[in-house]
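Single-structure report; data block below.
Chain A is the first sequence line, chain B the second, and so forth, proteins listed ahead of strands; every chain is numbered from 1. The shown structure was predicted, so the numbers you read here are calculated from the model rather than taken from an experiment. The basis for the numbers below is simple: all heavy atoms, side chains too, and nothing from hydrogens, waters or symmetry mates.
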Protein chains: 2
Amino acid sequence: MPSSPSPRGRRPDPAVDAKIRSAVMDLLLQRGLEVTMDEVAAHAGVGRASVFRRYATKRDMLLDALAQMFDIQIAIPDTGSLTGDLRQVVVDTLAAWQDDRVAALSRQILGETGRDPAVADLVRTSMRDRMARTWAVYDRAIERGELRPDSDLWLLTDLFAGLVAYRGLLSLDLPDPDEIVRSLLYGFAPAGR
Amino acid sequence: MPSSPSPRGRRPDPAVDAKIRSAVMDLLLQRGLEVTMDEVAAHAGVGRASVFRRYATKRDMLLDALAQMFDIQIAIPDTGSLTGDLRQVVVDTLAAWQDDRVAALSRQILGETGRDPAVADLVRTSMRDRMARTWAVYDRAIERGELRPDSDLWLLTDLFAGLVAYRGLLSLDLPDPDEIVRSLLYGFAPAGR
DNA sequence: AAGTATCTGATACTGAAAGTATCATATATG
DNA sequence: CATATATGATACTTTCAGTATCAGATACTT
């Protein structure tokens, strides 16, 4: 089958695409998910109809923007020890939540997962991808004997992600990175078991 | 100052109060937070105005309903060991999330937390109260030497609450209760540290 | 008993915002 | 040149929260 049925009339203007995309990103960071389509069009300097020609619904527009946002690479630490690597991940994550705008938007996105399964899908997939990319850290740790080989790594990562999400959503302070790492690796029972 | 300035006209009908309250609870479980005020009035068999006379905004109405929901007592286990007590808490919590309607509503409430600070306040306060009520479990455990005396108990409880909230929001399966308890108490490092 | 304030259900109105429709104009294919 | 689609502008439709008004009911005050 022919891949391009040869488009007939005037082609969509890529400049308009770009203007809309960047307006959405801008407004998302400025004012969170509660943005009106008129605002987007106005901020992009573009006709309202052109926005709706690209996205059938506001939800589609936001999903596209969120997918972009999650599509940023994350650094994989290699400090030589699991404690060091984990600490790095924790510190980086906590640092991101320090930015008020990032924190506010993260809260809203997490919140949206509770109402829209498609957002939940997006977040779930993105988080899993991201975490799977740090698997190297755990592989090395198991080789070095710093991690039980039978560890449920998803549980490990989700305990941390969950803590951040939960406290973030409720605007509770996050504890010291070392405290977190220690709890995850050694638990709350007294030393020596 | 006089406590009651003596109300003049017709008094609000307690029966109407009750009908509205129960209609809200009903609809919340049936259809989640996305309920219209007309539906509430209709389902309660009550005039629309009577709803707005009691709650200035829909938000107020929902906050009142949520406060009621959180105001249910939770059993405090005392099995004789921290492992047993914790396991009980975990099992009970996971059981609640098994009910699809409870899960869906919990997701939505957690989600609302990301958009409305008042909801976040309510949830935070309720969760803290509830968890503080289980403090006895940890006091006993510390006495028995099953828990480090310097433990950050909020971190312990929030690691668990966070895991449930995070996986619940994203509709991910929760692990085996024993697995959770073991991770919290002993961590992911190999035995013997 | 009279007077007045407030509740009650019913109904209509206002305003915001998503989504649809239409139009004149611009730009691309054939 | 003919046709098809994009563009911005503008107006319309629908849904829903919140407001306003009304006639009738109820309870307090004098």
Side-chain angles (χ1 to χ4, degrees), chain A residues 2-24 26-28 30-66 108 111-112 115-116 118-119, chain B residues 2-24 26-28 30-66 108 111-112 115-116 118-119:
Chain A
S3 55
S4 300
S6 76
R8 275 301 292 268
R10 177 173 177 178
R11 314 275 302 282
D13 187 344
V16 174
D17 290 34
K19 278 193 280 185
I20 293 177
R21 276 240 163 88
S22 104
V24 173
D26 246 44
L27 290 173
L28 273 186
Q30 260 179 53
R31 345 197 341 166
L33 297 183
E34 284 165 29
V35 167
T36 70
M37 298 302 264
D38 298 83
E39 280 174 332
V40 171
H43 195 270
V46 135
R48 184 180 153 66
S50 289
V51 180
F52 276 104
R53 236 173 256 117
R54 287 171 175 70
Y55 305 103
T57 69
K58 177 180 180 178
R59 183 168 158 273
D60 289 350
M61 186 184 73
L62 295 182
L63 278 173
D64 183 67
L66 294 189
Q108 289 200 357
E112 208 58 20
R115 345 174 72 215
D116 187 341
V119 176
Chain B
S3 55
S4 301
S6 76
R8 274 301 290 270
R10 177 174 178 175
R11 312 274 304 281
D13 186 345
V16 173
D17 290 32
K19 279 193 280 187
I20 294 176
R21 277 239 166 91
S22 104
V24 174
D26 248 42
L27 290 173
L28 274 186
Q30 263 180 51
R31 344 198 339 164
L33 295 182
E34 283 164 29
V35 166
T36 70
M37 298 303 263
D38 298 81
E39 280 173 331
V40 171
H43 195 270
V46 136
R48 188 180 149 69
S50 289
V51 180
F52 277 105
R53 237 173 255 117
R54 286 169 175 72
Y55 305 103
T57 68
K58 177 181 181 178
R59 184 169 158 271
D60 288 351
M61 186 184 74
L62 294 182
L63 279 173
D64 183 67
L66 295 189
Q108 288 200 358
E112 206 57 21
R115 348 171 70 212
D116 186 342
V119 175

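Residues of residues 13-20 of chain A that place a heavy atom closer than 4.0 Å to DNA chain D, in numerical order, are A/D13, A/V16. Applying a 4.0 Å cut-off to non-hydrogen atoms, the residues of residues 50-58 of chain B that approach DNA chain D are B/F52, B/T57, B/K58, listed by residue number.
Partners of B/R31 by salt bridge (charged side-chain N to carboxylate O under 4.0 Å, His left out), not counting sequence neighbours, listed by chain and number: B/E39. Under the salt bridge (charged side-chain N to carboxylate O under 4.0 Å, His left out) criterion, A/D60 pairs with no residue at all, not counting sequence neighbours. Remark: B/D116 pairs with B/R59 by the salt bridge (charged side-chain N to carboxylate O under 4.0 Å, His left out) rule, at least two apart or across chains. The side chain to side chain donor-acceptor pair (under 3.5 Å) test applied to B/D38 returns B/R48, not counting sequence neighbours. Residues forming a side chain to side chain donor-acceptor pair (under 3.5 Å) with B/R53 (at least two apart in sequence, or on another chain): B/S50. Under the side chain to side chain donor-acceptor pair (under 3.5 Å) criterion, A/D17 pairs with A/R54, not counting sequence neighbours. Under the side chain to side chain donor-acceptor pair (under 3.5 Å) criterion, A/R10 pairs with no residue at all, not counting sequence neighbours.
A straight line from CG of A/L33 to C1' of C/dA17 spans 16 Å, rounded to a whole angstrom. Whole-Å rounding puts the A/E34 CD to C/dA18 C1' distance at 15 Å. B/D38 has its CG atom 11 Å from the P atom of D/dG18, to the nearest Å. Put simply, CE on B/M37 is 19 Å from P on C/dT11, counting in whole angstrom units.
Counting distance only, with no hydrogens placed and no angle test, the side-chain atoms of B/R59 and the base atoms of D/dG18 include no donor-acceptor pair under 3.5 Å.
Between A/D64 and A/R21 there is a salt bridge, with a side-chain nitrogen of the basic residue lying less than 4.0 Å from a carboxylate oxygen of the acidic one.
Both distances falling under 3.5 Å, in either a Watson-Crick or a G-U wobble arrangement, place D/dC22 opposite C/dG9.
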Filtered N/O pairs between nucleotides 3-5 of chain D and protein, under 3.5 Å:
from: D/dT5; atom 1: O2; to: A/R10; atom 2: N; distance (Å): 3.3

What verdict does the side-chain contact (heavy atoms from CB on, under 4.5 Å) test give for A/L63 and A/Y55, after you've listed the backbone C-alpha separation in whole Å, the side-chain angles of each residue and the deciding distance to 0.1 Å? CA-CA 10 Å; A/L63 278 173; A/Y55 305 103; over 6 Å; no
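Proximity of A/H43 to A/K19: side-chain heavy atoms (C-beta onward) are nowhere separated by under 4.5 Å. Looking only at side-chain heavy atoms (C-beta outward), A/V24 and A/V35 stay at 4.5 Å or farther from each other.
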